[in-house]
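Everything on this sheet refers to the single structure shown next.
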Amino acid sequence: MSVAPRTNLDKSPFLQRKLPDLPTQPGCYLYHDAEGNLLYIGKAKVLRNRVKSYFTASPKDAKTRRLVARIWDLEFIVCETELEALVLENNLIKEHRPPFNILLRDDKSYPYVKLTREAFPKVYVTRKVLKDKALYFGPFFPASTAYRTADLVYRFFQIRDCDIDIDGKRGRACLKYQLHRCTAPCIGVVSQEAYAEQAKEAKLFLEGKRDELKSRLEAAMWKAAEVSAFELAAQHRDALQQLDAWFTRQKAASSDQEDTDLYGSAVLDGRACVHRLVMREGRMVNRHEYILDDIETFDGAVLAAVLQRVYTVEPVPARIMVEVEPEYPDLLRDWLGQLRGTKPNIHIPKKGEKVDLLSMAQENARMALERKFEPARLNEAVLEGLQAFLGISHVPRRMECFDISHGQGREVVASCVVFSEGVPDKARYRRFKMSNEQNDDFANMYEAVTRRYKRLKDEGQEFPNLVLIDGGLGQLHAAEAALKALGLDHLELASLAKKEELVFRPGRSEPFRIPKSSPVLQLLQRIRDEAHRFAITYHRNLRAKRTIQTELTQIPGIGPATAKKLLQSFGSVGAIRIAPEDDLRMAVGPAATAKVLAWRETTPGAISN
């Protein structure tokens, strides 16, 4: 029988503090009891919704009620996808074995697609990753995806999957040759060089290198067509059409078997958090957080001190991935080598899944750091951090952000959103329809800023501590010119460019590069995105109103509301022209019907189907 659970919400200060601030990203959550014992590990597509569902009054089964009654504290790890959270959940459960979890199956039971390294490589699905110099792609979730991917390799690249010795002397080929799933190197139909090209294309496919593979397949397709090998050309054409079916492997599990620690950091209000992700045999098995006080920036010296402290008590992995180079790297590597027996590899990842994992560590560091602050103090710390980054004279307690939205120069609008103490102040939002419809963001920004602050100046209202512009240097200079023309060039001004998230300031040649994991950048992005949302919503509303202004509204006595009813009832203006009178009466009434009928009589060829 399911009944509502008994919770510790009214007793636990940890739950009272953490539940309101849960993130909306996917991830894993970890429940602890009052003694700190780990009770349960779960995954969620939206952490906030999933975790809060445990504490609602909705009925729960007996096991869940026992769990909820013991939850005193919680932790969470943010991931980028629900699938990544699933793999991480499996790894953590296997490592910690919480009492309320049903143990999931070993992650090594998830299948990989294997491409062997031999004279005539073969492709097949396996659940074992060996150190045999073969290439492994995966893991795949669900398992059927691995088999579908391997089938695509057989179908479009005709790579073998058999275990026979290839000497070209076999009497006859198997059925797969007849089905065009293999080029039959066993009977010498294909040369080793030609088969190697097939294997190379299959490898590009499995690696997800679509552009390079497409170029090769397109060239092969046209080459085959030129010599009238149309069946082969068709195979290449079909392969090109199926490239988007590739299933990208996730980051929480990897076929890279080298033990690795990854370090991401975040800094706020003189305090730093370092998040360490522990990868063992390709699995993310743990993570650790370290809080450092009196830290303004996370540089090489700070990192070196962290590594020394960690590896005094922890085993040294073969590889350490970091976001900045540690101070005295050679000396540090020598010291770590003495502890481990061989020197570890310390480097900054530049591309691939390790960059994504490092970003994941940085994001978790940022969230962990924010959880150390009370909500009010967190906002204050972020605002003070923004003041320090930009070098402005006052804490930006009130910020206003402008954005322009239009469609090819039509329905040109601007938005101005206001944030007070770091949170939206929607009662003060303003929107503007530009006086001249033109595809000129600089002129439109100049007009929007002028109209906003001319009115504030004329009415003697309070000005913001920071004016933020959505855009790059061009938009910034337009806003700067507008403020200067109003005699308000003393107002603090900055712009945030979308592509690289660079912050520009007047009189400064180089932009600010705020770390992506910084809560300061997160605040600027929230303000910019809100301005964009408000502007594009207004633009879409205006565009929708224009769209309704069809030829129907040109009928005397027919307004937008009646025109909309007609279109909803009949679907098109052409259908309205031939609709029976009774149907028109049912849709819009007798008076409007009479006007439509009169229009149909006077303009018989005005509109066609």
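- Cys79 contributes atom SG, which lies 12.0 Å from atom CG of Asp356 (distance to the nearest 0.5 angstrom).
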Does the pair Phe534 and Tyr429 meet the rule for a ring pair (Phe, Tyr, Trp, His ring centres under 6.0 Å), with working shown?
CA-CA 9 Å; Phe534 194 51; Tyr429 283 15; 5.1 Å; yes

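- If you take CG on Asp261 and CZ on Arg276, they are separated by 4.0 Å, rounding to the nearest 0.5 Å.
- Among all heavy-atom pairs drawn from Val355 and Lys351, the shortest one is CG2-N, 3.1 Å.
- Arg50 is not listed as a side-chain neighbour of Lys45, based on a closest heavy-atom distance of 4.5 Å or more.
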Side chain to side chain contact (heavy atoms under 4.5 Å, CB included), that's the test. Do Phe55 and Ile71 meet it? Break it down for me.
CA-CA 10 Å; Phe55 301 94; Ile71 297 174; 3.9 Å; yes

Take His32 and Glu75, measure what side-chain hydrogen bond (donor to acceptor under 3.5 Å, both in side chains) needs, and give me the verdict at the end.
CA-CA 8 Å; His32 298 268; Glu75 299 177 90; 2.7 Å; yes

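- Interatomic distance, CD1 of Ile536 versus NE2 of His406, reported as 11.0 Å (0.5 Å rounding).
- Distance CD1/Ile320 to CZ/Arg333: 9.0 Å, rounded to 0.5 Å.
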Go through the steps for Tyr54 and Tyr29 under the test ring pair (Phe, Tyr, Trp, His ring centres under 6.0 Å), then give the verdict.
CA-CA 12 Å; Tyr54 282 87; Tyr29 52 93; 5.8 Å; yes

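- From Ser359, atom OG reaches atom CD of Glu80 across 7.0 Å, with rounding to the nearest 0.5 Å.
- Minimum heavy-atom separation, Arg505 to Ala494: CD-CB, 3.8 Å.
- The pair Asp151-Arg148 does not count as a salt bridge, with every side-chain nitrogen at least 4.0 angstrom from each carboxylate oxygen.
- A 4.5 Å side-chain heavy-atom check between Leu74 and Leu19 finds at least one atom pair inside the cut-off.
- Proximity of Leu292 to Arg309: side-chain heavy atoms (C-beta onward) are separated by under 4.5 Å at one or more points.
- Looking at Arg65 and Arg6, their side chains never come closer than 4.5 Å, going by heavy atoms from C-beta outward.
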Going through the checks in order, is the side chain to side chain contact (heavy atoms under 4.5 Å, CB included) test met by Val382 and Leu268?
CA-CA 7 Å; Val382 174; Leu268 178 63; 4.0 Å; yes

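- Around NE2 of His288, the count of heavy atoms belonging to other residues, nucleotides or ligands within 6.0 Å exceeds 12.
- A 4.5 Å side-chain heavy-atom check between Glu400 and Arg452 finds at least one atom pair inside the cut-off.
- Looking at Tyr136, its side chain does come within 3.5 Å of a backbone N or O of Leu130 through a donor-acceptor pair.
- Within the 4.5 Å cutoff, side-chain heavy atoms of Leu502 are placed close to those of Arg513.
- Under the 4.5 Å side-chain criterion, counting only non-hydrogen atoms from C-beta, Leu542 is in contact with Val413.
- Sorted by first and then second residue, the pairs that involve residues 525-539 and meet salt bridge (Lys or Arg N to Asp or Glu O under 4.0 Å), not counting sequence neighbours, are Glu501-Arg528, Glu530-Arg533.
- Not a single donor-acceptor pair under 3.5 Å links the side chain of Thr342 to the backbone N or O of Arg340.
- Residues Lys498 and Asp470 have side chains in contact (heavy-atom distance under 4.5 Å, counting atoms from C-beta outward).
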